[in-house]
Amino acid sequence: MNTKQKLLVAKIGGNIIGNQEALGSFLEDFSKVEDPKILIHGGGKSATTLASRLGVTTEMIDGRRITSAENLDIVVMTYAGLLNKTIVAGLQKHDCNALGLTGADANVIIADKRPVQFIDYGYVGDVTKVNNTTIKGFLELGITPVFCAVTHDKNGQLFNTNADTIASEIASAMGELFDVSLFYCFELKGVLENIEDKNSVIEHINLKKYSELRDTGVIADGMLPKLQNCFEALQKNVSKVHIANAEFIKDNTTKHTTLSL
């Protein structure tokens, strides 16, 4: 029997962040979750928009951002600045005492620069350590940490890091101390059998089913790394992983996708 305290780790993406009404509704519902909770957010679309306004080219390969020095500046300004503080202020509005963080703050997420193999991703970091005892300390103070997708290497270098991966790594590390549920929140109800049919939600996916869906092309593009992160989390201390739209946060009986090994 699991006697650990429950912890919700939730990640929201750009389609919610970019919609003021949807974001406000999610933050209100998230603030009402009584268990300790952690929020992770991306914001790539906002970074791309700012880059365009500043005349900086954004290069993407297979859905992943190539982060030049110029793009890193924009990523940090957007993720750690405007978006992070907007989300924190939105939670404070609903009496959820939140603290906005990058990986560098309190040394909570350390990363190495992604090595160059076939592609040079630039200033992109791969997570090597999450300081779960520090994060636990925030939770014990009644603070809800809000992480953006920025990490550091302890040598003064910041990195752009995939937010789905950060969510998986934080959830896995916190799973050593808590009974963790990981929730990937996006605009759809879950993983779809048919992308044209928004109600064709695949309600349960295990590793075997994932392989079948990947081989037949049902799961492709940006969903591939997302689901890979989900299964890595399940293999490392996370109790449950859900992929759903924002309604799930207030009613977990709504139709969604649950992943298991």
Side-chain angles (χ1 to χ4, degrees), residues 9-18 23 27 37-54 56 58-61 63-91 98-115 120-132 134-135 137-138 143-174 182 184-186 222 225-226 229 233:
V9 177
K11 184 264 175 180
I12 53 173
N15 286 327
I16 292 174
I17 295 168
L23 178 62
L27 295 177
K37 50 194 178 287
I38 296 170
L39 185 60
I40 297 99
H41 67 84
K45 290 186 177 181
S46 298
T48 300
T49 299
L50 179 58
S52 178
R53 284 169 55 191
L54 296 175
V56 176
T58 299
E59 185 181 359
M60 308 285 287
I61 296 179
R64 294 192 180 273
R65 184 179 304 270
I66 305 298
T67 307
S68 65
E70 280 183 307
N71 271 286
L72 180 64
D73 287 347
I74 290 167
V75 160
V76 174
M77 285 190 289
T78 307
Y79 296 178
L82 180 62
L83 296 183
N84 189 263
K85 300 315 167 192
T86 297
I87 289 168
V88 168
L91 289 171
L99 176 67
L101 298 163
T102 68
D105 297 299
N107 194 34
V108 282
I109 309 174
I110 303 167
D112 285 338
K113 186 177 184 296
R114 181 170 298 169
D120 184 356
Y121 284 96
Y123 292 98
V124 169
D126 293 323
V127 175
T128 57
K129 184 177 180 182
V130 174
N131 287 307
N132 57 3
T134 300
I135 298 173
F138 292 136
I143 292 170
T144 295
V146 179
F147 289 94
C148 67
V150 175
T151 57
H152 79 131
D153 66 356
K154 285 203 75 178
N155 290 306
Q157 180 63 56
L158 295 172
F159 293 121
N160 179 21
T161 299
N162 180 272
D164 286 343
T165 302
I166 287 180
S168 173
E169 294 286 352
I170 288 175
S172 299
M174 298 312 294
L182 174 57
Y184 285 103
C185 176
F186 70 150
K226 186 185 292 288
N229 284 321

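This structure is a prediction, so every number in the text was calculated from the model and none was measured. All residue numbers refer to positions in the sequence shown, counting from 1.
Looking only at side-chain heavy atoms (C-beta outward), Ile12 and Ile87 come within less than 4.5 Å of each other. His152 places none of its side-chain heavy atoms less than 4.5 Å from the side chain of Thr102. Two residues are said to be in side-chain contact when any heavy atoms from C-beta on lie closer than 4.5 Å; Pro145 and Leu99 fail this criterion. For the pair Thr144 and Phe138, the minimum side-chain heavy-atom distance is 4.5 Å or more. Residues Thr161 and Asp126 form no side-chain contact, since every pair of their non-hydrogen atoms from C-beta on lies 4.5 Å or further apart. Lys45 places none of its side-chain heavy atoms less than 4.5 Å from the side chain of Ile17. Side-chain contact between Leu83 and Met77: absent, with no pair of heavy atoms (C-beta onward) separated by less than 4.5 Å. Proximity of Ile66 to Asn71: side-chain heavy atoms (C-beta onward) are nowhere separated by under 4.5 Å.
A donor atom on one side chain and an acceptor atom on the other are found under 3.5 Å apart for Thr165 and Asn162. Between the side chains of Asn229 and Ser168, not a single donor N or O lies within less than 3.5 Å of an accepting N or O.
Of the possible polar contacts, none joining the Tyr123 side chain to the Leu158 backbone as a donor-acceptor pair under 3.5 Å is found. Side-chain atoms of Asn132 come within 3.5 Å of backbone N or O of Ala173 as a donor-acceptor pair. Distance alone, capped at 3.5 Å, is enough to place a donor-acceptor pair between the Asp120 side chain and the Gly122 backbone. No donor-acceptor pair closer than 3.5 Å links the side chain of Lys113 to the backbone N or O of Val124.
Here CG of Leu27 is found 4.5 Å from CG of Leu91. Values are rounded to the nearest 0.5 Å. How far CG of Leu39 is from SG of Cys148: 11.0 Å, rounded to the nearest 0.5 Å. Note that the CD1 atom of Ile166 and the CD1 atom of Ile38 stand 12.5 Å from one another [nearest 0.5 Å]. Rounding to the nearest 0.5 Å places CD1 of Ile109 at 11.0 Å from OG1 of Thr134. Going from atom CG of Asp112 over to atom OG1 of Thr151 covers 9.5 Å, rounded to the nearest 0.5 Å. Put simply, OG1 on Thr48 and CZ on Arg53 are 13.0 Å apart, with the number rounded to the nearest 0.5 Å.
Nearest heavy-atom pair across Leu50 and Ile74 is CD2-CG2, 4.0 Å. Nearest heavy atoms, Ala80 versus Asn84: O-CB, 3.6 Å. The minimum heavy-atom distance between Ala98 and Ile143, with the atom names listed, is C-CG2, 4.4 Å. When every heavy atom of Asn160 is checked against every heavy atom of Arg65, the shortest pair comes out as ND2-CD, 3.7 Å. Considering every non-hydrogen atom in both Leu182 and Ala233, the closest pair reads CD2-CB, 3.9 Å.
Remark: Lys11 is not positioned above the aromatic ring of Phe147, lacking an NZ or CZ atom under 6.0 angstrom from the ring centre and at most 45 degrees off the axis.
Residue pairs meeting the side-chain hydrogen bond (donor to acceptor under 3.5 Å, both in side chains) criterion with at least one member in residues 72-81: none, sequence neighbours excluded.
Heavy atoms from other residues, nucleotides or ligands lying under 6.0 Å from CD of Glu70 number 12 at most. Residue-environment remark: NZ (Lys85) exceeds the threshold of 12 foreign heavy atoms within 6.0 Å.
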Can Leu101 and Val146 be said to form a side chain to side chain contact (heavy atoms under 4.5 Å, CB included), step by step?
-> CA-CA 6 Å; Leu101 298 163; Val146 179; over 6 Å; no

Full working for side chain to side chain contact (heavy atoms under 4.5 Å, CB included) between Phe159 and Asp153 = CA-CA 8 Å; Phe159 293 121; Asp153 66 356; 3.6 Å; yes

